[in-house]
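Following: one structure in C-alpha cells, then a few remarks.
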Amino acid sequence: MADFITLPEQRVPVIAECDVLVVGGGAAGMSAAIAAARQGADVVLVERYGYLGGLASGGLIVLLLTLDDGDGNQIIAGQCQEMVERLAARGACFSPPQEEWGNYDEALVEKYRRWGLVWGSGPHRVRYSVAYDPEEFKFVANTWVAEAKVRLMYHRWASDVIVDGASAAGDTRRPTTDDRRPITHVVFTSKAGRQAVRAQYIIDATGDGDVFTMAGERAEKEQIHPWLWFRMSGVRDVDAAQAARGGFFFRTVKPGQVLMPWGAAERIERRIDATDPDDLTFAEVECRRMVMDEVDRLRAQVPGFEDAYLTDVALTLGITESRRLDGAYTLTRDDAGRVFEDTIASTGHWTKYGAVYHIPYRSVLPQHVSNLLVAGRCISVDHRAHHATKEIPPAFATGEAAGIAAVHALRAASSVQAVDVGAVQASLRAVGAWLPV
Ligand SMILES: Cc1cc2nc3c(=O)[nH]c(=O)nc-3n(C[C@H](O)[C@H](O)[C@H](O)COP(=O)(O)OP(=O)(O)OC[C@H]3O[C@@H](n4cnc5c(N)ncnc54)[C@H](O)[C@@H]3O)c2cc1C
C-alpha cells in the first residue's frame with residue numbers, strides 16, 4: 001500500500017548566486033565549469049561527492065578512449081588534451097606517441113592492448129588513447145578548477161529545481177515548447193540541510209540527467225548490467241601474469257599494479273535502473289561480493305598474483321547509461337560520419353575504426369527549459385550513438401562546448417535556444433577544441 005507524508009513548506013537559504021551553475025563534477029562538469037570560467041563567467045560547480053572526475057576517477061574508469069578517429073587523426077583536443085598534458089607533466093599517464101597512431105604493427109597493438117588502449121574487433125591499429133592514475137586526476141582537477149576561479153562546492157546533492165518561481169517537485173505542469181521557462185534556482189541537500197543556488201544558466205552534468213528530469217524535460221532510460229572496476233598491487237611480474245591469460249586486467253602507471261575492468265553481463269543476474277536506490281543497493285552488495293571472489297581466484301590461480309592485494313574498489317558502480325535527454329535533436333547511429341552545421345564536438349568510437357560522430361549543439365539542448373544545457377553521458381543520443389558519445393574524451397568535449405555556449409547566452413541575455421552557434425564554434429576553435437569544419 002502506498003503511503004505518503006506531506007512536507008511542510010520550508011524557507012531555504014540562497015547560499016550563492018552565479019552566472020553559470022554546473023551540477024555534477026565528472027569529466028563533463030569539470031570541463032564545462034572551467035570552460036565557462038575561462039570565458040569570464042562567475043561559475044559555481046556543485047558535486048555530490050568530495051572529488052572531481054566522477055566515473056573517470058572514483059569509478060576507476062581510468063582510460064581515455066579515445067581522442068582519435070581510429071585512422072590515426074586526433075579529433076578531440078581542447079581541455080581533454082590539456083588534461084592529458086597536465087597528467088603527463090606529473091608522469092601520471094601513458095599513451096602511444098603520435099607517430100604510432102594508426103599503426104597496424106601487431107607487436108605495437110599488443111603492447112597497447114595490455115594497457116587497455118585497444119578494444120573491439122580488428123584489424124587493429126594503435127589508437128590515441130590514454131591510461132592514467134585516478135588520484136593524480138583528482139589532484140589535477142582540483143588544481144585546475146581553482147586556477148580557473150571556479151567556485152567549487154562539494155558534498156551537496158541537487159534535489160530540486162525552482163522553475164520560474166515554482167518548485168518542480170510539486171509542479172506537475174510540464175512546460176511546452178511554446179512556453180519555455182527558466183530554472184531560477186537549484187536546491188541542494190547536504191548535512192547543512194537544504195540550500196539553494198541562484199543562477200542565470202545551468203549545466204546538467206550529473207550523468208543521470210537529474211536536473212533536466214526535475215525540470216520536466218523528457219528522457220529515455222536504459223537499464224543495464226553494472227560493473228565495478230578495481231585495482232590490485234603487488235603483482236610479481238605483470239607481463240608474465242598477462243601472458244598466462246588467467247584473467248582480464250591491464251597494466252597501470254604504477255609498477256606491479258593492475259586494473260581490473262571487472263563486471264560483465266554474464267556475471268550479475270539482472271539489469272538495474274541506476275536511478276533506483278534499491279537497485280543500486282542490490283548491485284553494490286552483489287558486485288562487491290563478486291569482486292572479492294575474483295580477487296581470491298586470481299591470488300589462488302594466476303601466476304604472479306600469489307602475494308597481490310586489493311588496492312581499491314571503485315567508489316561508484318560502473319554504470320554508464322541511465323537517462324538520456326530527449327533534446328532538440330537525438331543523434332543516432334545512422335548519423336555516423338554526418339557533419340552538422342551546428343557541430344560543437346566530435347568523437348571517434350572506442351571499438352570501431354573510422355567511425356566518427358559529430359555532435360550537434362541541439363544534442364546538448366533541452367526542448368523546454370530556456371536556460372539549461374546538458375553535457376556528458378546524458379546528452380540527447382540514441383542507445384547506439386551513446387556507445388561513442390558517453391566516453392570520457394567526448395564528455396570533456398561536450399562539457400567544454402556547453403560551458404562556452406552558456407557564456408554566449410549570458411552575454412546575449414538570450415535563451416540557450418537562441419544562441420548564435422557559429423559564434424560558439426568560433427570560441428571553441430579559439431581555445432583549441434577540434435571541430436570538423
Ligand atoms: C564500466 C564502464 C567502463 C567504461 N569504460 C570507459 C573507458 O575505458 N574509457 C572511456 O573514455 N570511457 C569509459 N566509460 C564511459 C565513461 O567513464 C563515462 O561515460 C564518463 O566518465 C561520463 O562522464 P560524465 O561527466 O558525463 O558523468 P559522470 O562521470 O557520471 O559524472 C557525473 C558527476 O555528477 C555527480 N552527480 C550525479 N548526480 C548528482 C546530483 N544530483 N547532485 C550533485 N552531483 C551529482 C556525480 O557524483 C559525478 O561526479 C565507461 C563507463 C563504464 C560504466
Side-chain angles (χ1 to χ4, degrees), residues 21-33 45-67 76 80 83 115-120 127 129-132 134 137-138 141 153-161 186-190 197 203-214 224-230 250 259-265 274-275 283 287 314-325 347-351 364 374-379 381 386-399 402:
L21 167 64
V22 181
V23 186
M30 61 171 280
S31 184
L45 170 59
V46 185
E47 161 58 41
R48 67 178 162 174
Y49 296 143
Y51 60 86
L52 294 173
L55 285 165
S57 58
L60 289 181
I61 313 294
V62 288
L63 305 168
L64 297 173
L65 303 181
T66 167
L67 286 80
I76 294 186
C80 187
M83 177 50 114
W115 284 83
L117 303 181
V118 177
W119 293 76
R127 309 289 310 248
S129 295
V130 183
Y132 58 89
F137 186 109
K138 292 176 194 170
M153 296 184 182
Y154 280 141
H155 296 293
R156 292 174 172 90
W157 282 69
S159 53
D160 198 359
V161 297
V186 178
V187 180
F188 296 92
T189 303
S190 72
V197 175
I203 296 173
D204 183 346
T206 59
D208 297 319
D210 290 5
V211 178
F212 70 63
T213 301
M214 290 187 285
I224 55 142
H225 293 280
W227 297 60
L228 191 62
W229 288 24
F230 62 99
F250 304 127
L259 173 69
M260 308 288 181
W262 185 86
T275 64
C287 286
L315 298 169
T316 54
L317 286 165
I319 294 175
T320 204
E321 205 169 3
S322 54
R323 302 188 192 102
R324 299 186 311 267
L325 175 72
T347 183
H349 197 299
W350 59 291
T351 63
V364 305
V374 177
R377 63 185 170 88
C378 52
I379 63 171
V381 296
H386 183 265
H387 278 288
T389 61
K390 65 149 199 240
E391 295 291 276
I392 302 164
F396 265 101
T398 55

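Start at 1 and go down the list; that is how both ligands and their atoms are numbered. The structure presented is a predicted model; accordingly, all values stated were derived computationally and were not measured.
For Gly376, no nitrogen or oxygen atom sits less than 3.5 Å from a nitrogen or oxygen atom of ligand 1, counting backbone and side chain alike. Inclusion of Glu47 in the set of residues having an N or O under 3.5 Å from an N or O of ligand 1 is warranted. For Ile392, a nitrogen or oxygen atom sits less than 3.5 Å from a nitrogen or oxygen atom of ligand 1, counting backbone and side chain alike. Of the polar atoms of Ala158, at least one N or O is found under 3.5 Å from an N or O of ligand 1, judged by distance alone.
Here the protein heavy atom with the shortest distance to atom 39 (C) of ligand 1 is Thr206 CG2, 3.8 Å. Of all protein heavy atoms, the one lying nearest to atom 14 (N) of ligand 1 is Glu391 OE2, 3.5 Å. Of the protein's non-hydrogen atoms, Lys390 O, 3.3 Å is the one closest to atom 18 (C) of ligand 1. Residue, atom and distance of the protein heavy atom nearest to atom 31 (O) of ligand 1 are Gly26 CA, 3.4 Å. With respect to atom 34 (O) of ligand 1, the closest heavy atom belonging to the protein is Gly24 CA, 3.2 Å. Nearest non-hydrogen protein atom to atom 51 (C) of ligand 1 is Thr320 OG1, 3.6 Å.
Looking at Thr206 and Asp208, their side chains never bring a donor and an acceptor atom within 3.5 Å of each other.
Here Ala205 has backbone heavy atoms under 4.0 Å from ligand 1, and that is the only part of it that gets that close. Under 4.0 Å from ligand 1, the heavy atoms of Asp210 that appear belong solely to its side chain. Counting heavy atoms closer than 4.0 Å to ligand 1, residue Thr66 contributes nothing at all. No part of Trp350 comes within 4.0 Å of ligand 1, judged by heavy-atom distances.
The backbone N or O of Gly376 sits less than 3.5 Å from a side-chain atom of Thr398, completing a donor-acceptor pair. Looking at Trp350, its side chain never comes within 3.5 Å of a backbone N or O of Gly120 through a donor-acceptor pair.
To the nearest 0.5 Å, the span separating OG1 on Thr189 from CZ on Arg156 amounts to 11.0 Å. For the atom pair CD1 (Ile319) and OG1 (Thr275), the distance works out to 9.5 Å, reported to the nearest 0.5 Å. The structure places CG of Asp204 at 8.5 Å from CG of Leu325, a figure rounded to the nearest 0.5 Å. How far CH2 of Trp262 is from CG of Leu60: 13.5 Å, rounded to the nearest 0.5 Å. Between the CZ atom of Arg377 and the CG atom of Leu55 there is a distance of 5.5 Å, given to the nearest 0.5 Å. Atoms CD and CG, on Glu391 and Leu63 in that order, are 9.5 Å from each other to the nearest 0.5 Å.
Taking only non-hydrogen atoms, the option from Ile61, Leu52, Thr275, Leu63 nearest to atom 2 (C) of ligand 1 is Ile61. In this comparison of Phe250, Trp227, Phe396, the heavy atom closest to atom 1 (C) of ligand 1 sits on Trp227. Residue Arg48 holds the heavy atom nearest to atom 44 (N) of ligand 1 of all those in Arg377, Arg48, Glu321. The nearest non-hydrogen atom to atom 53 (C) of ligand 1, considering only Ala27, Gly318, Pro393, comes from Gly318. For atom 8 (O) of ligand 1, the nearest non-hydrogen atom from the set Leu317, Leu65, Leu60 belongs to Leu65.
Contact check for Leu45 versus Leu52: side-chain heavy atoms found under the 4.5 Å cut-off.
The closest approach between Arg156 and ligand 1 falls below 4.0 Å for a heavy atom of the residue. Under a 4.0 Å heavy-atom criterion, Asp208 is not in contact with ligand 1. Residue Trp119 places no heavy atom under 4.0 Å from ligand 1.
In terms of the salt bridge (Lys or Arg N to Asp or Glu O under 4.0 Å) criterion, Lys390 has no residue partners (sequence neighbours excluded).
Taking every heavy atom of Ala28 and a limit of under 4.0 angstrom, the matching atoms of ligand 1 come to 25 (O), 26 (O). Less than 4.0 angstrom separates some heavy atom of Tyr49 from each of these atoms of ligand 1: 47 (O). Close approach to Trp157 involves these atoms of ligand 1, each under 4.0 Å from a residue heavy atom: 42 (N). Interface of Ile319 with ligand 1, defined as ligand atoms under 4.0 Å from a residue heavy atom, comprises 53 (C).
Residues Val62 and Ala56 share a closest heavy-atom pair of CG1-O, 3.9 Å. Scanning all heavy atoms of the two residues, the minimum distance from Val186 to Val161 falls at CG2-CG1, 4.2 Å.
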